[in-house]
Amino acid sequence: MSSFPLGLASLQRDAAAGRGLPPVETWNPAHCGDIDIRIARDGTWHHEGSPIGRRELVRLFSTILRRDPDGFVLVTPAEKMRIVVEDAPFLAVLLDVEGEGRDQKLVFTTNVGDETVAGPANPIRVETDPATGEPAPYVHVRKGLEARIARPVFYQLADLAVPGEGEHRGTLGVWSSGVFYPLGRPE
């Protein structure tokens, strides 16, 4: 792992000490090229073609991930390296529901341990494949980074779906933090 950027050791110490996410949006080091890290569609992180087995290392990398106009990068105060993300960088694997109706809060947990509450700052969106009609749901996690909602979690959302009103009439969707998110049309 000697090819990883410098500064990760100090970030790992910060993470272990329970400090918050690093301020990656304020770091603007020179671009150092590409690094052979890929986040697969299923949320698995790979380095040089092999899955990264150390969960702590994946968590650490996820905290220094940023989406720039030209792609996804791992960034430290000293270096910035582009990586490949096949779909969304995270996968929403758990859903907790707090409350009900319009006051309901949907709390998603990602495969790297982030929690996000769907709402105005973290919307849910559903893309539909034009060829197959298959939905691909996403939720915003932080600073332009999204999680694809895993199929079992999407089924949980479908169980919570209610008919839309007003501009959303004719759809089924879910409420979270006072916002209605259409999931699709009833069949």
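These numbers come from a predicted model, not from an experiment.
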Okay, side chain of N111, backbone of G43: is any donor-acceptor separation there less than 3.5 Å?
-> yes

Taking the side chain as C-beta and beyond, is there a heavy-atom pair between L57 and I52 under 4.5 Å?
-> yes

Decide yes or no on side chain to side chain contact (heavy atoms under 4.5 Å, CB included) for E79 and C32, but give the supporting numbers first.
-> CA-CA 6 Å; E79 295 182 285; C32 300; 3.8 Å; yes

Smallest heavy-atom separation, N122 atom then V141 atom, equals OD1-O, 3.5 Å

D68 and R66 ion-paired at < 4.0 Å | yes

Electrostatic pair E48:R38 at N-O distance under 4.0 angstrom | no

Okay, side chain of S177, backbone of G119: is any donor-acceptor separation there less than 3.5 Å?
-> no

Give the C-alpha distance, both sets of side-chain angles, the deciding distance and a yes or no for salt bridge (Lys or Arg N to Asp or Glu O under 4.0 Å) between R142 and E25.
-> CA-CA 11 Å; R142 58 178 147 89; E25 68 279 1; over 6 Å; no

L60 with V58, same ILVMFWY side-chain cluster at under 4.5 Å | yes

V153, F90: one ILVMFWY side-chain cluster at the under-4.5 Å cut-off?
-> no

Do F72 and L145 come close enough that some side-chain heavy atom pair is under 4.5 Å?
-> yes

How far does CG of L160 sit from OG of S176, to the nearest 0.5 angstrom?
-> 10.0 Å

Given the rule in the side chain to side chain contact (heavy atoms under 4.5 Å, CB included) test, do T128 and E134 qualify, once you have shown the distances and angles that lead to the verdict?
-> CA-CA 6 Å; T128 303; E134 183 175 340; over 6 Å; no

Do T116 and H140 come within less than 4.5 Å of each other through their side chains, counting heavy atoms only?
-> no

Quick one: pull up OG1 in T109 and CG in D96 and give me the separation to the nearest 0.5 Å.
-> 6.0 Å

Taking side chain as C-beta onward, heavy atoms only, is L172 less than 4.5 Å from R185?
-> no

For Y138 and R125, does a side-chain donor sit closer than 3.5 Å to a side-chain acceptor?
-> no

Pairwise distance NZ(K80) to CD1(I35) - rounded to 0.5 angstrom = 14.5 Å

Neighbour count above 12 (heavy atom, 6.0 Å) for D103 CG = no

Without swapping roles, check the side chain of R148 against the backbone of L91 for a donor-acceptor pair under 3.5 Å.
-> no

Any idea which heavy atoms bring W27 and P22 closest together, and the distance?
-> CH2-CB, 3.4 Å

Got P152 and F154 here, is their nearest side-chain heavy-atom distance under 4.5 Å?
-> no

Do F108 and V117 share a hydrophobic cluster, counting only Ile, Leu, Val, Met, Phe, Trp and Tyr and linking them when any side-chain heavy atoms are less than 4.5 Å apart?
-> no

Specify the closest pair of heavy atoms between L157 and L106, including all atoms of both residues, with the distance to one decimal.
-> CD2-CD1, 3.7 Å

Taking C-beta and beyond as the side chain, do V139 and I149 meet within less than 4.5 Å on heavy atoms?
-> yes

Can you tell me how far the CG atom of L183 sits from the CD1 atom of I124, to the nearest 0.5 Å?
-> 7.0 Å

Side chains of V93 and T110: does their closest heavy-atom pair fall under 4.5 Å?
-> no

Atom of V126, atom of P135 and distance for their closest heavy-atom approach = CG1-CB, 3.7 Å

Determine the minimum heavy-atom distance between A92 and A147, stating which atoms define it.
-> N-CB, 3.7 Å

With a 4.5 Å heavy-atom cut-off, do L74 and L65 have their side chains touching?
-> yes

Parallel, tilted or perpendicular, as decided by the 30° and 60° cut-offs, for the rings of F61 and W45 = parallel

Determine whether more than 12 heavy atoms belonging to other residues, nucleotides or ligands lie under 6.0 Å from atom CZ of R67.
-> no

Step by step, work out the side chain to side chain contact (heavy atoms under 4.5 Å, CB included) result for T76 and I64.
-> CA-CA 7 Å; T76 70; I64 59 169; 4.2 Å; yes

Charged N to carboxylate O below 4.0 Å: is that the case for E100 and K105?
-> no

Residue pair D34 / H31: nearest heavy atoms and the distance that separates them = OD1-CE1, 4.3 Å

